[in-house]
There are 2 protein chains.
Amino acid sequence: MAYRKTPAELRRLDAAREHLIARATAVVAEVGWSQASVTAVADSAGIAAGSVYQHFPSKSALAVEVFRRAAGHEVAVLEEVLRGPGDAVSRLASGVGVFARRALENRGLAYALLAAPAEPAVGAERLDHRRRYRALFAEVVREGIATGQLPPQHAEITAAALTGAVGEVLAYPLGAPDDTATGTTGSTGSTDDLLAELTATVLRCAGAAAHPTTA
Amino acid sequence: MAYRKTPAELRRLDAAREHLIARATAVVAEVGWSQASVTAVADSAGIAAGSVYQHFPSKSALAVEVFRRAAGHEVAVLEEVLRGPGDAVSRLASGVGVFARRALENRGLAYALLAAPAEPAVGAERLDHRRRYRALFAEVVREGIATGQLPPQHAEITAAALTGAVGEVLAYPLGAPDDTATGTTGSTGSTDDLLAELTATVLRCAGAAAHPTTA
DNA sequence: GTCTATACCTAGATAGAC
DNA sequence: GTCTATCTAGGTATAGAC
């Protein structure tokens, strides 16, 4: 019974799987989790609905994989900035800036990752993902406290607050039809203004002294 | 065709409707929106599934009504505090305190209102509800800026950040199985500590000077 | 008006031909 | 391995008896 697939076969299968994940990600970004049925995803990938089950045991498994890839990428990007060079406060500022900019550049996907209604399995994955953001923020906050840039505070709670604040501030621009609302009010301000205000708010929240240049 | 129901009939019908809403709210608080099927709700209310449609045209309509009642109540409570007596900063502090305490005392419902996966109609209602929180917070922040208690800032963005921060800090305690996690880390701190830290974080976020007594 | 029973629809998942 | 066609389950909504 032990029959080993040739490398070429493996590569082909893997490519098909990757293609499916990529198309599923695109569909989710466009129409959200609830509308991303197996049929819709399969259509987009150019295969039959049944064929999806050659690559994933269930729709949930595919959805989770889609989420994990996309969210993992964002976490990695943020991690690189937050653990990069510079002092804690400026890393925090640029981390938030990078995160927000990326989200605003890919709104559909960002909304799906951050806020869009999703099945329980994806919801659980999202919680996990937010926990990682929290952990990253907490690291920086702790460092800031240690170096005296930030006042004493419960780093985990601040980190949770930062995660929530960033998500909520972005949620409205992201959730809006398209580019109708760059500012939170829907009427004022460009993306840059939004970013500047968000960064300032985040720094205040962590207790950083006013006006450090926001990378 | 114009036949007018007697007052007694009306009262009975209304009572039945209220009872149904109350039971539906309880079910949602216990098991979440996704598990609150018409059958489950009807069972809990002691009526047949079909009878639900005597009071509501659809499951969605019932769900929206449940959300609206519960969420409306929370908004009203917060509004009373935020527009009550005292200076802007202390009202902000006690408003957050009251909100958080209420949420922690009724976790299931708070989680359903704040974060639990829900059908689109409820999701839309939730957005609206959050907009109201934002508006209330923004009012107080504007007042604080005007009186010089708070530094200049974009009040709407700060308000969104506050809404998100409070929600996220509470989400983990709320989402946890039961009382395993009172602190954000799941290990440390009592509810009071959590409240104190949350309040401090919120005040920092709005730029309030440190250590006003937190009502 | 409320119940029982059921129709019906949506979506995920499977079987068997090719 | 992939497609077409189909099965099934879960849950909303309706019909008709009482």
Side-chain angles (χ1 to χ4, degrees), chain A residues 1 3-21 23-24 27-28 30-67 116-123, chain B residues 1 3-21 23-24 27-28 30-67 116-123:
Chain A
M1 51 170 72
Y3 140 73
R4 200 170 284 240
K5 292 187 174 71
T6 72
E9 276 176 313
L10 282 175
R11 238 177 298 129
R12 253 194 78 256
L13 262 178
D14 202 54
R17 194 185 133 104
E18 290 300 317
H19 181 238
L20 175 56
I21 294 171
R23 293 314 307 158
V27 171
V28 167
E30 275 165 34
V31 300
W33 299 101
S34 53
Q35 302 296 320
S37 65
V38 171
T39 312
V41 167
D43 281 358
S44 172
I47 63 176
S51 302
V52 168
Y53 294 88
Q54 293 294 321
H55 302 288
F56 293 92
S58 70
K59 180 207 161 90
S60 271
L62 170 57
V64 166
E65 184 66 20
V66 164
F67 187 96
E119 63 199 300
V122 171
Chain B
M1 54 173 70
Y3 140 71
R4 199 171 286 242
K5 293 188 173 70
T6 71
E9 276 176 316
L10 282 175
R11 238 178 300 129
R12 251 197 77 258
L13 262 178
D14 203 54
R17 195 184 133 104
E18 291 301 317
H19 181 237
L20 176 56
I21 294 171
R23 294 312 309 158
V27 171
V28 166
E30 275 165 34
V31 301
W33 301 100
S34 53
Q35 301 297 319
S37 65
V38 172
T39 310
V41 168
D43 281 358
S44 172
I47 63 176
S51 303
V52 168
Y53 295 88
Q54 293 292 323
H55 303 288
F56 293 93
S58 70
K59 178 205 162 92
S60 272
L62 169 56
V64 166
E65 185 64 20
V66 164
F67 187 95
E119 64 199 299
V122 171

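In this text, all values refer to a predicted model and were calculated from it rather than measured experimentally. So that the names make sense, note that chain A is the first sequence line, chain B the second, and so on, each numbered from 1.
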Could you go over nucleotides 4-10 of chain D and give all protein N or O partners under 3.5 Å, atom names and distances?
none

Check the distance between D/dG1's P and A/D14's CG and give it to me in whole angstrom. 13 Å
Rounded interatomic separation in angstrom, taking OH from A/Y53 and P from C/dG12: 6 Å
Please report the closest heavy-atom contact between [X] and [Y], naming both atoms and the distance.
X     : Y     : answer
B/A40 : B/Q35 : CB-O, 4.2 Å
A/V27 : A/A36 : CG1-CB, 3.9 Å
B/V38 : B/A49 : CG1-O, 3.8 Å

Give me the residues of residues 54-64 of chain A where at least one heavy atom lies under 4.0 Å from an atom of DNA chain C, by number, or none. A/S58, A/K59
For DNA chain C, which residues of residues 31-47 of chain A approach it to below 4.0 angstrom with any heavy atom? A/S37, A/V38
So which pairs with a foot in residues 38-67 of chain A pass ring pair (Phe, Tyr, Trp, His ring centres under 6.0 Å), sequence neighbours left out? A/F67-A/H129
Taken in chain and number order and not counting sequence neighbours, the residues that satisfy side-chain hydrogen bond (donor to acceptor under 3.5 Å, both in side chains) with A/S60 are A/E119
Which residue pairs satisfy the salt bridge (Lys or Arg N to Asp or Glu O under 4.0 Å) criterion with at least one member in residues 41-66 of chain B, sequence neighbours excluded? B/E65-B/R69
Is there a side-chain polar atom (N or O) of A/R17 under 4.0 Å from OP1 or OP2 of D/dG1? no
To the nearest 0.5 Å, how far apart are CG in B/L20 and CD1 in B/I47? 5.0 Å
